[in-house]
Number of protein chains: 2
Amino acid sequence: MRASDRAYAALRDDIIEWRLLPGTVLAEVEQSERLGISRTPLREALSRLTAEGLTTTAGSRGVVVTDISLEDIDELFELRETLEGKAAALAAERGDPATFEQLRLELLQAPELINGGGPGLHAYYELAGRLDAAIDAAISNSYLAQAMRSLRVHLVRVRRLAADDARRLTAAAAEHAAIAEAIAAGNPRLAEAATTVHLHRSLSHVKVTHTPH
Amino acid sequence: MRASDRAYAALRDDIIEWRLLPGTVLAEVEQSERLGISRTPLREALSRLTAEGLTTTAGSRGVVVTDISLEDIDELFELRETLEGKAAALAAERGDPATFEQLRLELLQAPELINGGGPGLHAYYELAGRLDAAIDAAISNSYLAQAMRSLRVHLVRVRRLAADDARRLTAAAAEHAAIAEAIAAGNPRLAEAATTVHLHRSLSHVKVTHTPH
DNA sequence: ACGCTCCTCAGTGTATACACAGACGGCAGT
DNA sequence: ACTGCCGTCTGTGTATACACTGAGGAGCGT
């Protein structure tokens, strides 16, 4: 693996996991020494991060970690609703029903995973990821998939803010199952509506757990 | 201006204007010599182009100019309809009616510009750009605006394929005026519908002029 | 003659040296 | 004491040298 890839992955993780807080300046020499590489691959990594919006170039002060405010979260979810709603509708039109029926059945079992503790929790996140991947594959639209991928980077960052308690995750699993069911049934409007409902509930949850900080 | 900026702008133009055809390999040494800069800023430029999707890294063969097929155009417009429809609806909710009423009035005069020849044509394109910018500003959602910007790069490339005759441009101006009117009237659903209609007509025009090649 | 192996070389990946611009602090003048 | 100017210095922008990998061809062996 290239040094620039490692630097990119390391910095991306540090930002997403909030080890590098918003406003932190990422000086080239400092970071290149920290990561044990030279400035050239580091610049490549910073360039990619900036393209994704995780960092911004602040004039001649180098690049700084982008801030995420509450208004940003609203905007983020507004775009997310648009893209994922469309994606769910397209998946209902073009996807393979059997795939989503299978996912629906697995999602119905999710509460057991969630209440099962650590490894079960990880298994649930993996299952939710499989649903996302299945939708991505079903829409057969690389531009839309690309737009959703670039959005998910920011979403993971937001998700780290909210404490994902078991109650919310159980409800989310049921909402995911409803989406999978609508897609499996080949009902685009229902799939879009189910996605809208799910995203609004997620946003409410994030806001409730985050505002009293 | 930085050398990497110039390299980026030059390569971007070359790709958009089809002087660099899809499949062309952009070797670092070759391009850096052609543009009269060193490899370091060129790599930065190529990195940005790849992030935008205008080029892709093909293993160890360097980066190649991305291809655009007819299916890509369908996918492109599918995403564009989603994003610009939502943007128009948001603009109708949040935008300043006077701004769009003014744009509508100007767009009604557009046929005279279009039939006026060269400079008038340029003035029309500038006017259409002003409508896009006004919508961008009105939605007050940086993530959505960012997604639309990254999409427009590819759209410009497609537009170069289609011969924009006066008849199509006149019709497009009327469609733009309808969008501006709906936004000025504060009617989100109408604004979205007008956008959908406009994009479908644009897509049909591109396909008709391009397929018999 | 065909195939395998090794060599060469083109091209990217990385490191580092140099250039230059912006900022901060000190010093002097008022 | 305050303000304006200049020097220094940190940090990015650029160029270039070196390293390494992968591909292609030539040569030798069978």
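In the text below, chain A, chain B and the rest are named by the order of the sequence lines, each starting its count at 1. The analysis underlying the following values was restricted to heavy atoms, covering all of them including side chains, and did not include hydrogens, waters or symmetry mates.
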A.B. asks: Which whole-number value in Å describes the distance from Leu42(B) CG to dG13(D) P?
C.D. replies: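 From Leu42(B) CG to dG13(D) P: 16 Å.
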A.B. asks: Could you check how far CZ of Arg6(A) sits from C1' of dA15(C), rounded to whole Å?
C.D. replies: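 After rounding, the gap between these two atoms is 14 Å.
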A.B. asks: Side chain of Glu28(B) only, heavy atoms from C-beta on: which candidate in dT12(C), dA15(C), dT12(D) is closest?
C.D. replies: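 Of the options given, the side chain of Glu28(B) lies nearest dT12(C).
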A.B. asks: Test Tyr143(B) against every option in Glu78(A), Arg80(A), Glu75(A) by the side-chain contact (heavy atoms from CB on, under 4.5 Å) rule and name the one that passes.
C.D. replies: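 Single pass found, and it is Glu75(A).
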A.B. asks: Nearest whole Å is fine: how far is dA15(D) C1' from Arg39(B) CZ?
C.D. replies: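 After rounding, the gap between these two atoms is 11 Å.
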A.B. asks: Taking donor-acceptor contacts at under 3.5 Å, does the side chain of Thr40(A) reach the base of dT16(C)?
C.D. replies: yes
A.B. asks: Nearest to the side chain of Ala27(A) - dT16(C), dG13(C), dT12(D)?
C.D. replies: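 So the side chain of Ala27(A) is nearest to dT12(D).
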A.B. asks: Within the side chain of Thr66(A), is there an N or O that forms a donor-acceptor pair under 3.5 Å with the backbone of Leu54(A)?
C.D. replies: yes
A.B. asks: Rounded to the Å, how far apart are Arg43(B) CZ and dT14(C) P?
C.D. replies: 7 Å
A.B. asks: May I have the distance from Glu30(B) (atom CD) to dT12(C) (atom C1'), rounded to whole angstrom?
C.D. replies: 14 Å
A.B. asks: Check this for me: does any side-chain nitrogen of one of Arg48(A) and Glu52(A) sit under 4.0 Å from a carboxylate oxygen of the other?
C.D. replies: no
A.B. asks: For Glu71(A), does the CD atom have more than 12 heavy-atom neighbours from other residues, nucleotides or ligands under 6.0 Å away?
C.D. replies: no
A.B. asks: Rounded to the nearest angstrom, tell me the gap between atom CD in Glu33(A) and atom C1' in dT16(C).
C.D. replies: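 Value for this atom pair: 13 Å.
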A.B. asks: Of Ser38(A) and Val63(B), whose closest DNA chain C nucleotide lies nearer the 5' terminus?
C.D. replies: Val63(B)
A.B. asks: Could you give the CG-to-C1' distance, from Leu35(A) to dT14(C), as a whole number of Å?
C.D. replies: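 Atom-to-atom, Leu35(A) to dT14(C), this comes out as 15 Å.
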A.B. asks: May I have the distance from Glu44(A) (atom CD) to dA15(C) (atom P), rounded to whole angstrom?
C.D. replies: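 Result: 13 Å.
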